[in-house]
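We number each residue from 1, following the sequence as shown.
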Amino acid sequence: MVLLVLLSCVDAAGAGNLPQVQSVPYVDLPRFMGQWYLIATIPTAFERDAWNAVQTYALQADGTILTSLSFHKSASDGPLKYIQAPAYVRAGSGNAIWAVRLFGPIKAQYVVAWLQFDYSMMIVARDARDYVWVFSRTPAVSEADWSAVRERVISLGYDISKLYEVPQTWAPK
């Protein structure tokens, strides 16, 4: 938890001379809600070595968004990790820029920097270029989609060598 505090304290401080990450113009929140698989990330300390990571968004009656992340640590059958945090949509952002409250008054930046037209994939970024998250509605993406999204992450100003591909090894149902 201490590292999550540090993350939010350096929220924009690490951005240096980089331009702000541009958000998508608009996010249809009801369409955006639901389950997203974490395909790749420059992870926070909490997310390191995540397997089968799933982020779920739920729109609350008061307009906040409950974010829930669950994953297994170090292996598909490793210990289950879970965290929830409320998110607040920034007014005037077209629902694309949020502040996620980690705990207490500490909030971290969350920018929907790219969203596939059909809401099947997205990239969440930060001005500091310290963390990034690539999500998909499915646990696997095509090689062409993966290549294109990697290029998008690079174009946002991230060091692609730090990108961790999250294993998604779900058993067939």
Student check: side-chain heavy atoms of I97 and V112 closer than 4.5 Å: no

Atom pair OH/OG of Y26 and S93 - distance to nearest 0.5 Å: 10.5 Å

Y57 ring center near F32 ring center (under 6.0 Å): yes

Nearest heavy-atom neighbours spanning A85 and V100: CB-CG1, 3.7 Å

D49 versus S74, side-chain donor and acceptor atoms under 3.5 Å: yes

Going by atom type alone, with no hydrogens or angles, which donor-acceptor pairs under 3.5 Å involve a side-chain atom of residues 142-151 and a protein atom two or more places apart or on another chain?
| residue | atom | partner | partner atom | Å |
| --- | --- | --- | --- | --- |
| S142 | OG | D145 | N | 3.0 |
| S142 | OG | D145 | OD2 | 3.4 |

K73 NZ: over 12 foreign heavy atoms closer than 6.0 Å: yes

Shortest non-hydrogen contact between P139 and W170, atoms and distance: CB-CD1, 3.6 Å

R137 (side chain) donor-acceptor with M121 (main chain) under 3.5 angstrom: no

side-chain contact (heavy atoms from CB on, under 4.5 Å) between I42 and D130, worked out: CA-CA 7 Å; I42 296 177; D130 48 359; over 6 Å; no

Parallel, tilted or perpendicular, as decided by the 30° and 60° cut-offs, for the rings of W98 and Y110: parallel

Student check: side-chain heavy atoms of Q55 and T67 closer than 4.5 Å: yes

Polar side-chain atom of T64 near backbone of A87 as donor-acceptor pair, under 3.5 Å: no

Listed partners of Y158 passing ring-ring contact (aromatic ring centres under 6.0 Å, His included), at least two apart: none

Euclidean distance, W51 CH2 relative to S76 OG, rounded to 0.5 Å: 6.0 Å

Under 3.5 Å donor-acceptor, Q168 side chain and V166 backbone: no

Euclidean distance, L38 CG relative to N52 CG, rounded to 0.5 Å: 11.0 Å

Sequence neighbours excluded - ring-ring contact (aromatic ring centres under 6.0 Å, His included) pairs with any residue from residues 59-94: F46-F71

T41/V134 under side-chain contact (heavy atoms from CB on, under 4.5 Å): CA gap, chis, key distance, verdict: CA-CA 6 Å; T41 183; V134 176; over 6 Å; no

Candidate pair R129 and V21, rule side-chain contact (heavy atoms from CB on, under 4.5 Å), full reasoning: CA-CA 9 Å; R129 307 313 197 282; V21 170; 3.6 Å; yes

Hydrophobic cluster membership, W36 vs L66, 4.5 Å side-chain cutoff: no

Member of V27, I65, L59 meeting the side chain to side chain contact (heavy atoms under 4.5 Å, CB included) criterion with V89: I65

side-chain contact (heavy atoms from CB on, under 4.5 Å) evaluation trace for E165 with I39: CA-CA 6 Å; E165 292 182 49; I39 301 300; over 6 Å; no

Shared hydrophobic cluster for I160 and I123 (ILVMFWY, side-chain gaps under 4.5 Å): yes

Contact check, side chains of R31 and D118, non-hydrogen atoms, under 4.5 Å: yes

Flag for E47-W133: side-chain donor and acceptor within less than 3.5 Å: yes

Shortest non-hydrogen contact between Q60 and A58, atoms and distance: NE2-O, 3.0 Å

Minimum side-chain heavy-atom gap Q109-D127 below 4.5 Å: yes

Residues S68 and Q84: side-chain donor-acceptor under 3.5 angstrom: yes

